[in-house]
Amino acid sequence: MHDIRFIRENPAAFDAGLARRGLDPLSAEIGAQDAQWRATSTAVQESLARRNEASKAIGAAMARGDAATADALKAEVATLKTRLPELETEEKALAEALQARLAAIPNLPAPEVPEGPDETANVEQHKWGTPRSLNFAPQDHADFGPALGLDFEAAAAISGARFAALRGQMARLHRALGQFMLDMQTGSNAYEETNPPLLVRDEAVYGTGQLPKFAEDLFRTTTGHWLIPTAEVSLTNLVREQILAEAVLPIRMTALTPCFRSEAGSAGRDTRGFIRQHQFEKVELVSICTPEQAADEHEHMLQSAQGILEALGLPYRRMLLCAGDMGFSAAKTFDLEVWLPSQGVYREISSISTCGDFQARRMNARFRPEGEKGTRFVHTLNGSGLAVGRTLVAVLENYQNADGSVTIPEVLLPYMGGMTELTPKL
RNA sequence: GGAGAGGUGGCUGAGUGGUCGAAAGCACCGCACUCGAAAUGCGGCGUGCCCUCACGGGUACCGUGGGUUCGAAUCCCACCCUCUCCGCCA
């Protein structure tokens, strides 16, 4: 959510930021809406002031038994009240329209975010690891996975497309990955383990920015709850409507949760394999901090996510997203992309964003700066550390052997109950 | 699901139609006292929005949304949440 005062005072800068996202200028239109609302609001307040004044006088008149004055004043208020309801209705409608307008505008890119319309303009910043050289043609996990327990057919019969059942050794490896990641993030990376709600209300999804614009990407229950598309929603909203002491910041949280996405608009993309599912697990990282801490927290989060890939020995690269490729709430985003040998490309496995006070404003999450009066909005950051499903794909493909087996990465061995590889079954 | 109790400022907690943005206490800030501190005394101390260059003024907010009234923290309706007991349940 944008601060209307910022738009009022810096219309040119606001429009320039929108332009970097490829959006048309809005400040003139919003400014007009704002001016109209303020004028109406002022009119309402003036009417109320007069009413309140008269009501006090009525009270005083009645106290001294002056019924005539009281009745005269009542008549005056009565006429006032014929106009007030419509003014109030108008003011409310204008305020709501303005809020709705603001709620649908994405965050502005940070100054250092590169220009560009889409992913082709993202900037590679860092590359780690070299893809294993195989003496055979790398296979697609969708092809050799089923023999290892990745069951798409049975899941399709139960739930339809974009679902999978993991069975036996495959389920074990998947669990091992999630546990390993959670252990890393709650260990030296110092994120607090959290087990949040998976079903949330409108306000929570609005707070992180998926609503009102992206309802079609979410699943909704008959009770009106939303299934979280990412634990970012639950974790970030844990501080909603709170005023935190500065001393408790930064608050670092992590959670291993299922995520649910309708994938509306993704028809035809990644239809094979485990890359794009309606349901997947992810270890999410969230940091709630002061504006001054945000840059360091962003870096720490990056290191925390990269550390998983490095520990697993998965080659990856880090991309700084250009202005046109960022998500709705982000001010600056890094994507981590993991090497997938079957496709010969790097694929997104983590997205790590700083949102400034954009989400905090929507959630009304503030802190009390020490030695300062008043409150300020916190800054929020979120990132995947990592997407477990896609990490499973990356492990399968990068550790595949010519005979269709998959070697278990060393760091996962303590989680595998003695298993050292996945063995194909016919 | 049934029955009951309750949601007031950073916290505790008064307040059942007007002068209540709201007593009191705690916490916090300033001043006094003190060599210094504690204790004590005095004063201050909510948030959003609007108007104003400013000083300042107005308005809204006592869980949320409606309603009654000249006037609502206080009365009425709906909803949300918390707690207690019963039932059910992993």
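Naming: A, B, ... by sequence-line order, numbering from 1 per chain.
Atom pair A/L244:CG and B/G10:C1' shows a separation of 13 Å (rounding to whole Å applied). Atom CE in A/M363 sits roughly 18 Å away from atom C1' in B/G48 (whole-Å rounding). If you measure from atom CD of A/E53 to atom C1' of B/U59, you get 13 Å, rounded to the nearest angstrom. A straight line from CE of A/M62 to P of B/U19 spans 14 Å, rounded to a whole angstrom. Between the CG atom of A/L84 and the P atom of B/G71 there is a distance of 10 Å, rounded to whole Å. A straight line from CD1 of A/I243 to C1' of B/C28 spans 15 Å, rounded to a whole angstrom. As rounded to whole Å, 17 Å separates atom P of B/G10 from atom CZ of A/F367. When rounded to the nearest whole Å, the span between CG of A/L80 and P of B/G71 equals 10 Å.
Note on A/A54: nothing from the nucleic acid sits closer than 4.0 angstrom, heavy atoms only. Residue contacts for A/R8: at a heavy-atom cut-off of 4.0 Å it reaches the sugar-phosphate backbone alone, with no base atom in range.
Each of A/I58 and A/R5 was matched to the nucleotide of RNA chain B holding its nearest heavy atom; the match closer to the 5' end belongs to A/R5. In this structure, A/G59 and A/I4 both approach RNA chain B, and ranking their closest nucleotides by distance from the 5' end singles out A/G59.
The salt bridge (Lys or Arg N to Asp or Glu O under 4.0 Å) test applied to A/E337 returns A/R317, not counting sequence neighbours. Residues forming a salt bridge (Lys or Arg N to Asp or Glu O under 4.0 Å) with A/D296 (at least two apart in sequence, or on another chain): none. For A/E193, there are no salt bridge (Lys or Arg N to Asp or Glu O under 4.0 Å) partners, not counting sequence neighbours. Partners of A/E112 by salt bridge (Lys or Arg N to Asp or Glu O under 4.0 Å), not counting sequence neighbours, listed by chain and number: A/K332.
Distance noted for atom P between B/C20 and B/G2: 42 Å (whole Å). Rounded to a whole angstrom, the distance from the C1' atom of B/C86 to that of B/G18 is 44 Å. Rounded to whole Å, the P atom of B/A73 lies 13 Å from the corresponding atom of B/G17. Look at the P atom in both B/U34 and B/G48: the space between them is 40 Å, to the nearest Å. A gap of 44 Å separates the C1' atoms of B/G87 and B/U47, to the nearest Å. To the nearest whole angstrom, the two P atoms, one in B/C55 and one in B/G66, are 34 Å apart. Comparing the C1' positions of B/U52 and B/G57 gives an interatomic distance of 8 Å, to the nearest angstrom. One P atom belongs to B/G15, the other to B/G63, and the distance between them is 15 Å to the nearest Å.
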Item to check | Test side chain to side chain contact (heavy atoms under 4.5 Å, CB included) applied to A/N382 and A/C355, step by step | outcome: CA-CA 8 Å; A/N382 65 80; A/C355 301; 3.8 Å; yes
Checklist entry - Would A/S384 and A/E284 satisfy side chain to side chain contact (heavy atoms under 4.5 Å, CB included), going step by step from the backbone distance to the final call? => result CA-CA 5 Å; A/S384 2; A/E284 182 72 3; 4.3 Å; yes
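Shown are A/E88, A/K92, A/Q45, A/E91; of these, the side chain to side chain contact (heavy atoms under 4.5 Å, CB included) with A/T40 is made only by A/E91.
Closest to the side chain of A/A49, from the set B/U47, B/C70, B/U59, is B/U59. Closest approach to the A/S55 side chain among B/G71, B/C50, B/U59 is made by B/G71 (side chain taken as heavy atoms from C-beta onward).
Within the 4.5 Å cutoff, side-chain heavy atoms of A/T271 are placed close to those of A/R162.
The side chain of A/R38 places an N or O atom within less than 4.0 Å of a non-bridging phosphate oxygen (OP1 or OP2) of B/C51. Phosphate proximity of B/G71 to A/R50: absent, as no side-chain N or O sits under 4.0 Å from OP1 or OP2.
Proximity of a side-chain donor or acceptor of A/Q400 to a complementary backbone N or O of A/Q139 within less than 3.5 Å is detected.
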Taking only nitrogen or oxygen atoms into account, show me every contact under 3.5 Å that the protein makes with nucleotides 60-66 of chain B, one pair per line with its distance.
from: B/G66; atom 1: OP1; to: A/K92; atom 2: NZ; distance (Å): 2.5

Strictly under 3.5 Å: I want the nitrogen or oxygen pairs between protein and nucleotides 81-83 of chain B, one per line.
from: B/C81; atom 1: OP1; to: A/R201; atom 2: NH2; distance (Å): 3.1

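The list of salt bridge (Lys or Arg N to Asp or Glu O under 4.0 Å) pairs with a residue in residues 23-35 of chain A, not counting sequence neighbours, reads A/R8-A/D34, A/E29-A/R101, A/D34-A/R38. Identified under the ring-ring contact (aromatic ring centres under 6.0 Å, His included) test for residues 240-281 of chain A, with sequence neighbours left out: A/F163-A/H278, A/F219-A/H278. The ring-ring contact (aromatic ring centres under 6.0 Å, His included) analysis of residues 193-218 of chain A, with sequence neighbours excluded, yields the pairs A/F214-A/F328.
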For residues 166-176 of chain A, dump all side-chain donor-acceptor pairs below 3.5 Å to protein atoms at least two apart in sequence or in another chain.
from: A/R167; atom 1: NH1; to: A/D151; atom 2: OD2; distance (Å): 2.8
from: A/Q169; atom 1: OE1; to: A/T423; atom 2: N; distance (Å): 3.0
from: A/Q169; atom 1: NE2; to: A/T423; atom 2: O; distance (Å): 2.7
from: A/R172; atom 1: NE; to: A/Y415; atom 2: O; distance (Å): 3.0
from: A/R172; atom 1: NH2; to: A/Y415; atom 2: O; distance (Å): 3.0

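Salt-bridge annotation for A/R361 and A/D3: present, with a side-chain N of the basic residue lying under 4.0 Å from a carboxylate O of the acidic one. Taking the charged nitrogens against the carboxylate oxygens, A/R20 and A/E115 do have a contact shorter than 4.0 Å, which makes a salt bridge. Classification of A/R376 and A/D357 as a salt-bridged pair fails, no side-chain N sitting under 4.0 Å from a carboxylate O.
Taken residue by residue, residues 39-46 of chain A places heavy atoms nearer than 4.0 Å to RNA chain B at A/T42, A/Q45.
For RNA chain B, runs of at least 3 consecutive pairs of the Watson-Crick or G-U wobble type, with both hydrogen-bonding distances under 3.5 angstrom, map to B:1-7 with B:80-86, B:10-12 with B:24-26, B:28-32 with B:40-44, B:46-51 with B:56-61, B:63-67 with B:75-79.
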